[in-house]
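Here the structure is laid out as structure tokens; the discussion comes afterwards.
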Amino acid sequence: MSTRVAYEKKDHVARVTLDRPAVLNAMDLRMHEELAEVWDDVEADDDVRVAVLTGAGDRAFSVGQDLRERARLSAAGAPPTTFGSRGQPGWPRLTERFGMSKPVIARVHGYALGGGFELALACDIVVASTQAVFALPEARLGLVPGAGGAFRLARQLPLKTAMGHLLTGRRLTADRALHLGLVNDVVPAAELDVCVAGWTDDLVRAAPLSVRAIKEAVHRSLDMPIEQAFTTPYTWETRRMHSDDAQEGPRAFNEKREPVWRGS
């Protein structure tokens, strides 16, 4: 049986590829099941410090939910979809893995529509080619952006801008997404892998416990008053604070050498 997701790990980087290029990497239930196993492994493997998520082929990152499968399921009497995927195959999906401690980079080329855009919105860093196109077209299909698009876009953009795209399904070019702060870099397709490698190199160079502590603190404190954010205990910060790496960084700086991170 062919797989829906290609997964490889090398030099502290996990590469996760949505691998259904013939259907523009549309996500069916089996793909979600495979992705859940992948994300479990990324989180559990201490040798992995960053994950890169991308789509196979040269046309799409992902066009989101496999609507042909959805139509078949609906015809067979399956319950309708709504916000979130609890109880469905592959839960929790990346869009609902709120405790994912490692950074995830979205490498976007071509279409990132519906659930594909929602995946990118759930990533920490987005690198796009000039040919990338983003949209949440659910309103045109009688659906809602149930994988967090309605919530994340309104948090990552000014409200009026987000509502304009959510209510109409209008598309965003890569340059417009960059202007709005939804992506970190936009480069020609031929330079996409080099740009992504620059980000992964920098993340691997950073102390892994510091990266995880910072990510957790940022996400958990977003809706807190700043006074509360300062006094809230964070699991990964407690681990970092008492780690060998917390001593290694200043020691390596003082000795004018590159630090050797142990992640402990």
*R97 vs D40, salt bridge (charged side-chain N to carboxylate O under 4.0 Å, His left out): CA-CA, chis, key distance, verdict*: CA-CA 10 Å; R97 286 187 179 244; D40 284 347; 2.9 Å; yes
_Nearest atoms (heavy-atom pairs only) where F61 meets A106_ = CZ-CB, 4.3 Å
*asked:* I'd like to know if D46 pairs up with R262 as an ion pair, taking the criterion as any Lys NZ or Arg NE/NH1/NH2 lying under 4.0 Å from an Asp or Glu carboxylate oxygen.
replied: no
_Tell me if a side-chain donor or acceptor on W261 pairs with a main-chain N or O of G249 at a distance below 3.5 Å._
no
*So, K9 and D45, do they make that salt bridge, N to O below 4.0 Å?*
yes
*Nearest 0.5 Å please: distance from the CG atom of L113 over to the CD atom of E118.*
11.0 Å
*Between R93 and E96, is there a side-chain N and carboxylate O pair less than 4.0 Å apart?*
no
*asked:* Please give me the minimum heavy-atom distance between H12 and D47, naming the atom from each residue.
replied: ND1-O, 2.8 Å
*Do S221 and Y234 have side chains that get closer than 4.5 Å, going by heavy atoms?*
yes
*In plain terms, say whether E216 and R212 are close enough for a salt bridge, that is, a side-chain N and a carboxylate O under 4.0 Å apart.*
no
*Going hydrophobic residue to hydrophobic residue with side-chain gaps under 4.5 angstrom, can you get from V13 over to V127?*
yes
_Considering all heavy atoms, the nearest A135-G169 contact_ = CB-O, 3.9 Å
*Identify whether I105 and V42 are in the same connected component of the hydrophobic contact network (ILVMFWY, side-chain heavy atoms under 4.5 Å).*
no
*Is atom CZ of F253 surrounded by more than 12 heavy atoms (other residues, nucleotides or ligands) closer than 6.0 Å?*
no
_From NE2 (H219) to CZ (F98), nearest 0.5 Å_ = 11.0 Å
_Taking atom CZ as the centre, does R86 end up with more than 12 heavy-atom neighbours from other residues, nucleotides or ligands that are less than 6.0 angstrom away?_
no
*Going through the distances and angles, do Q247 and D244 end up as a side chain to side chain contact (heavy atoms under 4.5 Å, CB included)?*
CA-CA 5 Å; Q247 308 299 319; D244 293 335; 5.7 Å; no
*asked:* Are L67 and L141 packed together at the side-chain level, in the sense that at least one heavy-atom pair is separated by less than 4.5 angstrom?
replied: yes
_S243 to L209 - nearest heavy-atom pair and separation_ = CB-CD1, 3.5 Å
_M163 atom CE, neighbour heavy-atom count above 12 within 6.0 Å_ = no
*Name the one of T17, V126, D193, I125 that satisfies side chain to side chain contact (heavy atoms under 4.5 Å, CB included) with R107?*
D193
_H165 and F134, any side-chain heavy atoms less than 4.5 Å apart_ = no
*asked:* Would you say that C195 contacts V186 through its side chain, given a criterion of any heavy-atom pair below 4.5 Å between the two side chains?
replied: no
*asked:* A side-chain contact here means heavy atoms from C-beta on lying under 4.5 Å apart; do W39 and L53 qualify?
replied: yes
*Check whether V183 and L192 end up in the same hydrophobic cluster, where Ile, Leu, Val, Met, Phe, Trp and Tyr are linked by side-chain heavy atoms less than 4.5 Å apart.*
no
*Excluding sequence neighbours, so at least two apart, what forms salt bridge (charged side-chain N to carboxylate O under 4.0 Å, His left out) with D124?*
K215
*For the pair R251 and E248, find out whether any cationic side-chain nitrogen is under 4.0 Å from an anionic carboxylate oxygen.*
yes
*Is there side-chain contact between L182 and L153, with at least one heavy-atom pair below 4.5 Å?*
yes
*asked:* Is any side-chain heavy atom of P208 closer than 4.5 Å to one of D245?
replied: yes
*How far does OG1 of T231 sit from CD1 of I226, to the nearest 0.5 angstrom?*
11.0 Å
*Which atom pair, heavy atoms only, marks the closest approach of A189 to Q131?*
CB-OE1, 3.5 Å
*asked:* Let's go through W199 and D185 carefully: what are the C-alpha distance in whole Å and the side-chain angles of both, what is the deciding distance for side-chain hydrogen bond (donor to acceptor under 3.5 Å, both in side chains) to 0.1 Å, and is it a yes or a no?
replied: CA-CA 10 Å; W199 284 102; D185 281 314; 2.8 Å; yes
*asked:* Quick one, L73 with L29, criterion side chain to side chain contact (heavy atoms under 4.5 Å, CB included). Give me CA distance, side-chain angles, the key distance, then yes/no.
replied: CA-CA 11 Å; L73 291 170; L29 296 181; 3.9 Å; yes
_For A36 versus G90, what's the shortest heavy-atom pair and its separation?_
CB-O, 3.6 Å
*Could you give the distance from CG (N25) to CG (L119), rounded to the nearest 0.5 Å?*
11.0 Å
*Using modelled atom types only, decide if a donor and an acceptor are shared between the side chain of Q156 and the backbone of L121 within a distance under 3.5 Å.*
yes
*Is atom OH of Y111 surrounded by more than 12 heavy atoms (other residues, nucleotides or ligands) closer than 6.0 Å?*
no
*Report whether V48 and V211 are members of the same hydrophobic cluster (ILVMFWY, side-chain heavy atoms less than 4.5 Å apart, transitive linking).*
no
_Distance, nearest 0.5 Å, that separates CZ of R70 from CG of L143_ = 9.0 Å
*Quick one: does R49's side chain get under 4.5 Å of K102's, heavy atoms only?*
no
*Given D66, which of R20, R30, H32 fulfils the side-chain hydrogen bond (donor to acceptor under 3.5 Å, both in side chains) condition?*
R20
_E69/R72 under salt bridge (charged side-chain N to carboxylate O under 4.0 Å, His left out): CA gap, chis, key distance, verdict_ = CA-CA 5 Å; E69 180 187 63; R72 291 194 299 271; 5.0 Å; no
*Is there a chain of hydrophobic side chains (I, L, V, M, F, W, Y, each step under 4.5 Å between heavy atoms) that links L180 to L178?*
yes
*asked:* With rounding to the nearest 0.5 angstrom, report the CG to CG distance, L157 to L172.
replied: 7.5 Å
